[in-house]
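Working notes for the structure below.
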Amino acid sequence: MRELRALKNVGESGVVMRFAPNPSGPLHLGHARAAYLNDYYVRKYGGRYVLRIEDTDPRRVEPENYQLLIDDTKWMGLNITETVYQSDRFPIYYEHGRKLIEMGAAYVCTCDSESFKKLKDAKEECPCRNRSVEDNLAMWEDMLAGKYAEGSVTVRLKTDIAHPDPAMRDFSIFRVVDSPHPKLKDAKVYPMMNLSVVVDDHLLGITHVIRGKDHIANTKRQEYIYNYFGWKQPEYYHYGRMSIGDVVLSTTAMKNGIREGTYTGWDDIHLGTMKAIARRGILPEAIKNAMIDIGVGQTDIQFSWENLFAANKELIDPVVNRYFCVTDPVKCVVKNAPTVTAKALLNPNDESKGYRELKFSGALYADPADLKDVTMVRFKDLFNAKVSANADGTFSLEYSGESLEDARKEKARIVHWLPADDSQIVKCLLRAPDGDKEGFCERSVIKESGKVVQFERVGFARIDSADNEKVVAYFAHH
RNA sequence: GCUGAUAUAGUGUAGAGGCCAAUCAUGCCGGCCUUUCACGCCGGCGACUCGGGUUCAAAUCCCGAUAUCAGCACCA
């Protein structure tokens, strides 16, 4: 694993960092970068890692997502030292909001958003900006008392209305929302993230923040609040946009798809959620390694499944058991073949894991693709056979000795197979994002349920479910 | 439109003026090993966006162009 660049201004006691998702859905690949990068530095320097759940938009909070988030961070193996919920901290935000109003740093604005935008774009103050502190405070109290309807009023921070960057001009720090919050009974006034984030970062002692570059303007906006309070700003690092192909990430698209039955749930393998990736046999450690390899650069990048798979293979290949799985199987009788029992190592890298036995007596299943256009094959751990294709798509096989040397001499392909004997095999459905394959696998795969195995010459797969009738496996990668 | 950021092989990444005819990983190709087309080992392929400038010397600094991205929400 490569070493990431050192952070600036790391103190004696290490760092305090945070991972701050909002509970609008489960964690996905996009979150993983922030989560693991921050995690990396907390491990590197020591300190605290705060999981902060940013549930300050009641419309985007779904109660069931809280647990989803916690479960995901646990699966990811994040070194979280404490968890805070912003919904528990509204009194703190109100207190600081009031202070800003008292010091004349914020004002209550009753302009509708379009007219404010017009003024803002023209670098012109809105009439509310010069309201007296007393009036602002009175209106603030009325806001908290629920006397204002949603959209009729907002609290803005006084920045610089003529700032060259329009994003900096008197942005909003509190708003009124009429929707109920699942965790707050009577809240009407909600802090905007720039306010709540600054207050929390300061109070929680956050020293370093790694976040996406979509927050780069927020970092500059937040600087105004830090300055008003006389607080010191953390060190920030903004990584570039990461586009992720082949998978659905948008929360609304996922929700709609699940509701309409296009996806089976949050762990549908067409989604980019942690749950879906876990289901596909990817270890959290592999995601972590892939994310650390990507690092904190500001360049926009294309997420590489290839690299993730390589990271995963590095972890699982040495330890995972091997089995045969024949997809699209064709049944073949082998003429003149003796009855023999094949012994195949569970893991050729580790003989101490033992082997599995497959008893051949007359007929086997093979992958037709392996028998096509060849005159001889070596059935791995079994024997050689001469092959001839029949007009009807079947194959005629004839025993041709068990000498491995002969097979090599003939350059025979060494292929996987299964005995055509129901007591030794089980139906296997191998599922992948681009389609399913059906076939058989060794019966002993049943006891690997929940684990990742290697189907020899097919690829790595996670055994999703298994009983005496059927194994369902999800393809991970080659 | 305004503000800001970034531009190194297919992908990711190192490189913060001379050690760079550019690192590592992954990928691809070839070979070895091997009763898996896995793993391992060896070899190979493949990149500094373009144009100016500064300098004895630039992938590295400056300017411009181009491209991409982000922000300009009473979301986070």
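Letters A, B, ... are given to chains in the order of the sequence lines, protein chains preceding strands, and every chain is numbered from 1. The basis for the numbers below is simple: all heavy atoms, side chains too, and nothing from hydrogens, waters or symmetry mates.
The salt bridge (Lys or Arg N to Asp or Glu O under 4.0 Å) search around A:R431 returns A:D436, not counting sequence neighbours. Take A:E150 and apply the salt bridge (Lys or Arg N to Asp or Glu O under 4.0 Å) test, not counting sequence neighbours, and it matches A:R59. With sequence neighbours excluded, the residues that form a side-chain hydrogen bond (donor to acceptor under 3.5 Å, both in side chains) with A:D72 are A:K275. Partners of A:K99 under the salt bridge (Lys or Arg N to Asp or Glu O under 4.0 Å) rule, at least two apart in sequence or in another chain, are A:E95. Taking the salt bridge (Lys or Arg N to Asp or Glu O under 4.0 Å) definition, one finds that A:R175 meets it with A:D57, sequence neighbours left out. With sequence neighbours excluded, the residues satisfying side-chain hydrogen bond (donor to acceptor under 3.5 Å, both in side chains) with A:E398 are A:N336. Listed by chain and residue number, A:N9 satisfy the side-chain hydrogen bond (donor to acceptor under 3.5 Å, both in side chains) test with A:E235 (two or more places apart in sequence, or in another chain).
A donor N or O paired with an acceptor N or O is found under 3.5 Å between the base of B:G10 and the side-chain atoms of A:E306. Residue-to-nucleotide contacts include a donor-acceptor pair under 3.5 Å from the side chain of A:D370 to the base of B:C37.
If you check residues 371-378 of chain A against RNA chain B, the residues with a heavy atom closer than 4.0 Å are A:R378, listed by number.
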Got a list of side-chain donor-acceptor pairs under 3.5 Å for residues 303-310 of chain A, not counting sequence neighbours?
residue, atom, partner, partner atom, Å
A:S304, OG, A:E306, N, 3.4
A:S304, OG, A:N307, N, 2.9
A:W305, NE1, A:G245, O, 2.8

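Residues in residues 155-164 of chain A take part in these side-chain hydrogen bond (donor to acceptor under 3.5 Å, both in side chains) pairs, two or more places apart or across chains: A:T159-A:D170.
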Quiz item: In dot-bracket, 5' to 3', how would RNA chain B read with Watson-Crick or G-U wobble pairs under 3.5 Å, [ ] for crossing ones and | for pairs to another strand?
Solution: (((((((..(((.....[.....)))((((((.......))))))...(((((..]....))))))))))))....
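No side-chain N or O of A:Y355 forms a donor-acceptor pair with one of A:D381 less than 3.5 Å apart.
Both A:A167 and A:L382 lie near RNA chain B, and the one whose nearest nucleotide falls closer to the 5' end is A:L382.
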List, with names and distances, any nitrogen or oxygen atoms from the protein found under 3.5 Å away from nitrogen or oxygen atoms belonging to nucleotides 1-9 of chain B.
residue, atom, partner, partner atom, Å
B:C2, O2', A:P164, O, 2.8
B:U3, O2', A:D165, OD2, 3.0
B:A5, O2', A:Q298, OE1, 2.9
B:U6, O2', A:T299, OG1, 3.4

